[in-house]
Structure formats: C-alpha cells, structure tokens
Amino acid sequence: MHELAITQSVVDAVVERTGPARVTAVRLVIGRRSGVVPESVRFCFDLVTAGTPLAGAALMIDEPAGRARCRRCAAEFVADDVLVLCGCGCADVAVDGGDDLRIASVSLVPTAAEAS
Amino acid sequence: MCETCGCDDPAAAPRLTSFSADGEAAGCSGRELLLEQRVLAKNDEQAEQTRQWLAARSVLAVNLMSSPGSGKTTLLERTVRDLAGRWPLAVVEGDQESVRDAERIRAGGVPVVQVNTGRGCHLDADMVDRALRVLDPPADGVVFVENVGNLVCPALFDLGEGVRVVLTSVTEGEDKPLKYPHMFAQADLVLLTKCDLVPFLAVDVDRCIGLIRRINPAADVFTLAGLHLPAGVPGTEPEPGLAAWYAWLDARRRRPDARPRAAVAGRV
Ligand SMILES: Nc1nc2c(ncn2[C@@H]2O[C@H](COP(=O)(O)OP(=O)(O)OP(=O)(O)O)[C@@H](O)[C@H]2O)c(=O)[nH]1
Ligand SMILES: [Mg+2]
Ligand SMILES: [Zn+2]
Ligand SMILES: [Zn+2]
C-alpha cells in the first residue's frame with residue numbers, strides 16, 4: 001500500500017496548518033499523471049486519520065488530466081497517463097498539467113464565535 | 001445547496017468516502033480554509049536544503065532506485081571497490097529492517113550509514129539529511145544513497161540528490177518501464193543489470209531499452225553483466241557498462257549542480 005505515505009503526508013500537512021481544530025472535509029487534487037492512485041488514498045484515509053483532528057472527515061478528490069499537443073501533427077488531446085502517445089503514432093508530445101499532488105482546501109468545524 | 005463540500009453534486013457523490021453522519025453535517029456548515037499546498041511540500045523543502053548543502057561542498061549525491069533485488073548493493077560493492085582509492089566515497093543504505101546491505105558495503109572500507117525505514121517503503125529527504133550529517137562527506141566526493149527496493153514511492157520523494165539512477169534487471173522482464181513509468185520518467189540514468197543471464201531467459205533487451213527511451217528520451221542507458229562475480233573472473237572482463245558507469249559518474253562529479261529538482265524533471 002504505497003499511498004500510505006502520501007496519505008500520511010496529507011494529514012501531517014493539514015494538522016500543521018490547522019492545529020487541533022476539527023477537520024470535517026479535505027479536498028485533494030491528484031492529477032492523473034501524478035503517479036498516485038486516488039483509490040488507494042481513499043482506502044488509507046480512515047486508517048491514517050484515526051485519532052487525529054481529521055478523523056471522520058469527508059475526502060474529496062479532484063483528478064484532473066493533463067493537456068497534450070503533438071509536436072508532429074499539432075493534434076491536441078487529453079493526457080491521462082505518464083506515457084502519452086498521439087493518435088498519429090508519435091510520442092513527441094508536449095504535456096501540460098495533470099501531475100498535481102495538492103491539498104486544495106479543508107473544512108473546519110466553526111469556532112464558537114463563528115457559530116453564534 | 002452546499003458549495004463548500006459539493007455534497008449535493010451528483011458528479012462528486014462517488015468521490016466522497018468516510019462520510020460519517022456528523023461529519024457530513026459539519027462539512028456543510030463548516031468554514032472552508034484554502035490551503036493550495038503541495039502534499040509533499042515539506043519533503044521538497046528539506047530536499048532543496050540538502051541540495052544546497054551538497055552543492056556548497058561540491059558533493060554529488062546519487063539516488064539509486066530499483067525493485068527489490070535488482071542489484072543495487074552488488075553494484076555499490078563493486079563500485080566502491082573500484083573507486084575507493086580515487087574519489088572520497090560514502091554510502092547511505094536504506095532498508096526497511098536489516099543492516100545486511102550496510103555490512104556488505106562496510107566490508108569495502110567506505111563510510112556507511114544505515115537508515116531503517118521500518119514500515120516506510122522509501123527514504124525521504126529528512127532521513128537522508130540526518131544520515132548526511134553523520135557521514136559528513138568530504139568535498140568533491142560522491143555519496144551513494146541506496147533507496148528501499150521499490151519502484152513506486154521513491155519516485156515521489158525528492159531526497160536532494162544530484163542524479164537519479166534506476167536499475168532494472170533482465171530477470172524482471174522487459175515491461176518494467178511500462179509498468180512503472182513514473183520511476184523511469186525521472187531517471188537520469190537507467191542501468192539494465194544481470195545481462196549475463198540473458199541467454200537463459202526469454203527477454204528482449206532491445207525492446208526493453210526501446211521502452212525506456214520512449215518513456216524518457218533524455219536518460220542514458222547502460223547494460224551491466226556479471227557484477228555478482230569476483231573481479232577478474234575470466235570471460236566477464238572487461239565490462240564495458242561498468243566503465244561507462246564510472247565515466248558517467250565522473251562527468252557529473254566534476255559539475256555537481258544545484259538546480260532545483262523541479263527544473264530538472266519538470267515536477268510541480
Ligand atoms: N547473475 C547476476 N546476478 C546478480 C548480478 N548483480 C546482482 N546479482 C544477484 O542479485 C541478487 C540481489 O542483489 P542485491 O545487490 O542484493 O540487490 P539489491 O537491489 O541491493 O536488493 P535490495 O536491497 O534487497 O532491494 C544477489 O543474489 C546478487 O548476487 C549480476 O550482474 N548478475
Ligand atoms: Mg540492497
Ligand atoms: Zn510505497
Ligand atoms: Zn500526432
């Protein structure tokens with residue numbers, strides 16, 4: 001389960017920013033070319049968050065693809081893998097994006113002041 | 001209507017997990033905090049510091065990665081034996097549990113620090129930083145870092161190294177680059193090891209090299225054979241790949257560069 005380390009990094013980074021405040025939702029961006037499998041992160045999430053301020057939080061994962069442009073035939077297409085091949089058979093392709101591995105935002109339980 | 005967590009968005013619904021009843025309620029009324037932070041930001045910051053530290057000493061750090069058993073320690077044993085008198089060398093050995101590999105290297109008379117990662121399946125920048133401070137490598141030398149045998153996670157963790165070397169042995173089959181493209185896409189050099197075994201296998205070495213080049217046209221590729229044998233065994237010398245490996249290292253040792261990894265590999 002290699003995504004355990006990534007999930008642990010997510011929890012560490014969030015707790016570092018939000019301290020003991022209870023986190024109810026986490027939004028991640030895991031690009032399709034990032035090398036990280038969102039399913040596995042979901043699988044680890046409950047395990048890794050147990051006993052932390054993120055316990056029970058909802059996990060939302062955005063999985064953007066990259067954009068590719070063939071340098072030979074100029075075709076533009078979606079790149080959702082590390083290995084990108086143009087329909088024309090050419091591998092000389094410029095790729096932009098799709099490799100994010102980011103924490104977009106978290107939701108926190110409102111503080112007493114905000115709730116009133 | 002909830003824009004905060006998208007909980008009523010049908011497209012988002014299957015993406016929600018661990019939606020405990022009160023978590024859902026709180027998620028909807030909660031206050032959203034934008035982080036927009038890379039997951040591995042902390043590791044990458046330490047890696048950059050390590051890279052600067054190494055550059056200031058003009059030390060080349062080589063991150064060696066492969067599946068378990070592709071021949072990393074065997075290559076290091078041989079490299080250390082051949083080069084120890086020529087350049088200052090040191091080794092960081094990453095392993096989940098044992099100190100076996102560190103003992104093998106120490107037998108060659110080179111300073112070595114073992115890092116046991118326990119359950120961790122890779123080295124991270126912090127572990128390497130601590131090991132480097134213990135090793136205190138002398139200027140103009142080379143520090144080899146043997147990562148934990150694994151083709152997945154080590155590709156994600158920048159250690160502050162100057163170069164990334166990926167080993168893959170012919171016994172693993174020629175499709176390894178296709179199965180683990182991230183690892184191969186980030187390599188500066190790929191070493192195809194155990195080529196002495198090719199006659200006993202149905203492996204297509206040219207196809208394997210072709211796949212590596214397709215994934216990473218910029219990487220150098222050398223083949224190695226018979227490294228498990230004691231030096232000087234008839235029929236195994238000279239080993240052209242080994243000479244190419246030493247020359248490759250020497251060229252990079254003379255200009256250890258402090259370019260951030262992001263600039264080298266196009267990482268975000
Ligand atoms: N035939 C042959 N065997 C080799 C060669 N290089 C290494 N081996 C054998 O492969 C096995 C594994 O080698 P190691 O050097 O321990 O591999 P490693 O990558 O360090 O393994 P881990 O640290 O466990 O990931 C040993 O039995 C070596 O003798 C080679 O060039 N040819
Ligand atoms: Mg080893
Ligand atoms: Zn792993
Ligand atoms: Zn094309």
Side-chain angles (χ1 to χ4, degrees), chain A residues 1-10 12-14 16-18 21-31 33-38 42-43 45-46 49 55-63 81-83 85 91-92 95 97 99-111 114-115, chain B residues 2 4-7 9 12-13 15-43 117 119-122 124 150-157 177-178 180-186 211 213-217 265-268:
Chain A
M1 184 47 66
H2 294 301
E3 273 69 14
L4 199 57
I6 292 298
T7 313
Q8 186 66 55
S9 302
V10 168
D12 292 348
V14 169
E16 188 164 313
R17 290 287 297 274
T18 60
R22 200 157 94 73
V23 176
T24 55
V26 178
R27 289 166 206 79
L28 300 181
V29 181
I30 301 181
R33 308 179 63 248
S34 69
V36 173
V37 182
R42 286 195 189 103
F43 184 83
F45 193 70
D46 284 353
T49 54
L59 176 63
M60 279 145 273
I61 304 179
D62 185 17
E63 302 169 35
D81 202 352
V82 188
L83 262 179
L85 208 59
D92 187 11
V95 185
D99 51 359
D100 315 57
L101 189 53
R102 238 171 344 111
I103 307 165
S105 68
V106 295
S107 295
L108 300 168
V109 170
T111 59
E114 284 169 338
Chain B
C2 172
T4 308
C5 71
C7 57
D9 176 357
R15 292 185 172 163
L16 308 183
T17 56
S18 60
F19 226 49
S20 71
D22 74 336
E24 181 170 1
C28 296
S29 60
R31 142 178 93 90
E32 183 167 13
L33 178 68
L34 286 181
L35 295 179
E36 288 302 342
Q37 170 178 334
R38 283 169 304 136
V39 171
L40 296 176
K42 211 171 164 190
N43 183 78
T117 58
R119 285 190 329 167
C121 48
H122 58 274
D124 65 31
N150 166 8
L151 284 175
V152 183
C153 303
L156 290 166
F157 286 82
L178 277 184
Y180 300 92
H182 281 86
M183 179 56 85
F184 289 87
Q186 298 195 1
L211 289 175
R213 293 205 193 288
R214 207 175 103 195
I215 291 165
N216 185 345
R267 294 171 78 213
V268 190

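Atom set for the values below is all heavy atoms of this structure, side chains included, hydrogens, waters and symmetry mates excluded. First the proteins, then the strands, lettered A, B, ... as listed; each starts at 1. If you're wondering where the values come from, they're calculated on a predicted model, not measured in any experiment.
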Rounded distance [0.5 Å steps], CG in A/Asp81 versus NE2 in B/His182: 8.0 Å
Distance (rounded to the nearest 0.5 Å) between A/Ile103 CD1 and B/Leu34 CG: 12.5 Å
Within-4.5 Å side-chain heavy-atom neighbours: A/Arg17 and B/Leu35: yes
Atom group of A/Val106 that falls short of 4.5 Å from chain B, counting heavy atoms: both
Contact origin within B/Asn150 toward chain A - heavy atom pairs under 4.5 Å: side chain
Residue among A/Ser34, A/Pro38, A/Gly31 with most heavy-atom pairs under 4.5 Å to chain B: A/Ser34
A/Glu16 versus chain B, the contacting section by heavy-atom distance below 4.5 Å: side chain
Interchain contact, A/Ala104 with chain B, by part (heavy-atom threshold 4.5 Å): both
Gap between atom CG of A/Leu4 and atom SG of B/Cys121 - 0.5 Å precision: 7.5 Å
Spacing of B/Arg31 atom CZ and A/Leu108 atom CG [to the nearest 0.5 Å]: 5.0 Å
Per-residue contact mode, A/Ile6 against chain B (heavy atom under 4.5 angstrom): both
Spacing of CG belonging to A/Leu83 relative to CG belonging to B/Leu211, to within rounding of 0.5 Å: 8.5 Å
Side chain, backbone, both or neither of A/Thr49 within contact of chain B (heavy atoms, under 4.5 Å): neither
Segment of A/Val29 engaging chain B (4.5 angstrom heavy-atom cut-off): neither
